[in-house]
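The residues of the chain are indexed from 1 along the displayed sequence. Computed from a predicted model, the values in this text were never measured in an experiment. For the numbers below, each heavy atom of this structure counts, side chains included, while hydrogens, waters and symmetry mates do not.
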Amino acid sequence: MLTAFARAFKTPDLRKKLLFTLGIVVIYRLGAHIPIPGVDYTSVQTCMDQASSSTGLFGLVNMFSGGALLQITVFALGIMPYITASIILQLLTVVIPRLEALKKEGQAGTAKITQYTRYLTVALAILQGTGLVATARTGALFQGCSAASQIVPDQSIFITITMVITMTAGTCVMMWLGELITDRGIGNGMSILMFISIAATFPSALWSIKKQGSLADGWIEFGTVILVGLVMVGLVVFVEQAQRRIPVQYAKRMIGRRSYGGTSTYIPLKVNQAGVIPVIFASSLLYIPALVAQFAGGDSSWKLWIDDHLTKGNHPIYIVTYFLLIVFFAFFYVAISFNPEEVADNMKKYGGFIPGIRAGRPTAEYLSYVLNRITWPGSLYLGLIALVPTMALVGFGANQNFPFGGTSILIIVGVGLETVKQIESQLQQRNYEGFLR
């Protein structure tokens with residue numbers, strides 16, 4: 001693998017792409033540490049030290065921003081508005097016929113949908129930026145910190161609007177940087193930025209576990225977490241690469257004196273067909289009642305119930321609800337992203353069939369049957385992986401920002417595998433051995 005890295009940097013155009021990607025990553029990490037106007041950076045750092053564990057409500061967004069959310073920097077919103085906009089557009093494509101027609105138009109339609117995604121990203125960035133500024137002004141961003149109310153000392157309308165515009169502009173710059181990586185670098189730009197954001201939080205999270213440990217100055221807990229992380233990475237790689245291959249045979253056709261078709265191929269159905277999206281859906285849905293309760297005044301019974309049951313990650317009701325939501329969204333997303341009827345019609349149109357299964361409706365029913373059976377273990381796997389931080393919190397009192405688990409490990413492994421495959425394909429084009437054997 002190290003030899004392959006050396007060969008990649010010896011190839012001029014590939015070296016240029018890798019260095020360009022690294023340069024964009026450096027710019028992105030610099031922007032994640034530049035405070036926005038109107039924020040008292042000293043108070044932010046004081047609260048970061050005092051209330052580092054009370055970030056459960058904003059943990060997902062903070063993870064996607066590489067820790068920039070709680071520091072209220074230019075890139076505080078991270079890549080989350082773009083992710084949310086992409087998911088919403090993907091869901092609306094199934095519901096709105098106009099978007100579905102655009103998707104079938106090829107490159108021109110995809111470019112139009114991408115433009116709609118950008119507009120929706122800006123709108124969501126304004127909305128989330130306003131919410132973040134309002135939360136910071138009330139001092140609710142850091143619960144239990146004495147300096148939380150001093151984070152935004154000047155609460156005038158002009159400063160508030162400036163803060164929201166700055167964070168929205170930061171989101172637009174991140175979108176542009178991601179598209180630059182996609183066009184001129186290696187890998188998918190948004191995925192690379194997401195990978196960097198999550199990986200940037202690993203060192204501090206691991207070191208905090210070491211400092212909180214009591215066995216051999218925390219080194220035993222630190223080593224245990226590293227070992228668990230390696231095992232989980234191996235498990236995630238194994239499941240993410242697992243697939244059920246449905247054999248497809250294409251009949252021979254005689255056109256003139258030439259024979260066409262007669263080839264054999266397969267339809268790869270992944271065990272985790274939905275990816276990490278069900279975890280993001282479930283996390284976002286569970287944050288809604290917690291946010292409503294946080295901004296609601298008074299101490300009503302429903303607010304106290306939500307605070308006790310849906311904001312504490314180690315409560316049984318939270319754990320069960322989170323797990324069931326992940327399973328539900330896994331089936332829901334697979335149902336809207338893979339259409340067995342459409343696949344069966346395309347196979348029938350081009351003379352393909354599954355051996356032993358009649359073309360048309362029986363093929364669609366068979367594909368639905370197989371897809372439902374492999375989605376069950378995939379959804380259960382997603383639910384268990386997502387609950388690893390909660391298990392760590394309950395088991396040995398680790399910080400709830402446990403690095404190896406949930407959304408973080410799924411995204412890290414998925415993006416890592418995809419990027420390595422792209423570098424591998426670039427090397428194979430030049431007759432090099434590459435990463436994978």
Side-chain angles (χ1 to χ4, degrees), residues 55-64 80 83-84 86-88 90-92 94-95 198 228 232 235-236 238-240 242 244 269-294 301-340 368-395 398 400-411 413-414:
T55 61
L57 187 62
F58 305 97
L60 184 68
V61 183
N62 188 56
M63 181 187 68
F64 280 119
M80 198 65 179
I83 296 173
T84 307
S86 300
I87 293 174
I88 291 175
Q90 195 169 3
L91 294 176
L92 290 180
V94 184
V95 179
I198 297 172
V228 170
M232 286 193 60
L235 173 65
V236 171
F238 177 76
V239 179
E240 290 295 317
R244 168 74 184 274
L269 298 180
K270 296 181 64 176
V271 173
N272 182 23
Q273 189 85 0
V276 75
I277 290 180
V279 181
I280 298 176
F281 273 18
S283 302
S284 303
L285 198 61
L286 277 178
Y287 283 155
I288 293 176
L291 283 172
V292 172
Q294 185 176 17
S301 58
W302 66 270
K303 179 182 177 182
L304 295 175
W305 189 90
I306 289 176
D307 289 339
D308 292 337
H309 297 81
L310 294 182
T311 59
K312 296 178 181 178
N314 57 351
H315 197 281
I317 292 181
Y318 177 90
I319 295 174
V320 173
T321 305
Y322 190 35
F323 183 82
L324 292 179
L325 282 174
I326 291 174
V327 173
F328 168 76
F329 281 122
F331 278 92
F332 174 76
Y333 187 78
V334 168
I336 66 172
S337 61
F338 185 89
N339 190 347
S368 299
Y369 170 74
V370 173
L371 194 62
N372 287 333
R373 291 193 66 181
I374 67 173
T375 302
W376 269 113
S379 62
L380 297 177
Y381 145 82
L382 275 179
L384 292 176
I385 290 292
L387 289 176
V388 166
T390 303
M391 297 174 186
L393 182 64
V394 175
Q400 49 186 310
N401 294 324
F402 184 76
F404 298 108
T407 314
S408 58
I409 200 71
L410 290 169
I411 293 176
V413 171

Q: For the atom pair CG (Leu380) and CD1 (Ile385), what is the distance rounded to the nearest 0.5 Å?
A: 12.0 Å

Q: For the residue pair Pro278 and Gly275, what are the closest heavy atoms and their distance?
A: CD-O, 3.6 Å

Q: Do Leu410 and Tyr381 have side chains that get closer than 4.5 Å, going by heavy atoms?
A: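 In short, these two side chains touch, coming nearer than 4.5 Å.
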
Q: Identify the two heavy atoms, one from Glu240 and one from Lys270, that lie closest to each other, and give their separation to 0.1 Å.
A: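 So the minimum-distance heavy-atom pair works out to O-CE, 3.2 Å.
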
Q: Can you tell me how far apart CD1 (Ile319) and CG (Leu324) are? Round to the nearest 0.5 Å.
A: 12.0 Å

Q: Where do Phe323 and Leu387 come nearest, in terms of heavy atoms and distance?
A: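 Nearest heavy atoms, Phe323 then Leu387: CD1-CD1, 3.9 Å.
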
Q: What's the spacing between Ile326 CD1 and Ile277 CD1 if we round to 0.5 Å?
A: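 Going from the CD1 atom of Ile326 to the CD1 atom of Ile277 covers 13.5 Å.
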
Q: Kindly write out the residues that satisfy side chain to side chain donor-acceptor pair (under 3.5 Å) with Gln273, not counting sequence neighbours, or none if the list is empty.
A: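 Checked Gln273 against side chain to side chain donor-acceptor pair (under 3.5 Å); zero matches.
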
Q: Taking side-chain contact (heavy atoms from CB on, under 4.5 Å) as the definition, give me every residue that meets it alongside Thr375, ordered by chain and number, with sequence neighbours left out.
A: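 Listed in chain order: Phe331, Val334, Leu371.
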
Q: After noting the C-alpha distance and the side-chain angles of Arg244 and Val370, does the key distance pass the side-chain contact (heavy atoms from CB on, under 4.5 Å) rule?
A: CA-CA 9 Å; Arg244 168 74 184 274; Val370 173; 3.7 Å; yes

Q: Between the main-chain N or O of Trp376 and the side-chain N or O of Ser379, is there a donor-acceptor pair closer than 3.5 Å?
A: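 Yes, the answer is positive, given that a donor and an acceptor are paired below the 3.5 Å cut-off.
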
Q: Quick check: do Ile317 and Tyr322 have side-chain heavy atoms less than 4.5 Å from each other?
A: no

Q: From Tyr333 OH over to Phe338 CZ, what is the distance, rounded to the nearest 0.5 angstrom?
A: 13.5 Å

Q: Holding to ring pair (Phe, Tyr, Trp, His ring centres under 6.0 Å), I want the full list of residues that pass it with Phe329, two or more places apart in sequence or in another chain.
A: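 For Phe329 the ring pair (Phe, Tyr, Trp, His ring centres under 6.0 Å) partners, ignoring immediate neighbours, are Phe281.
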
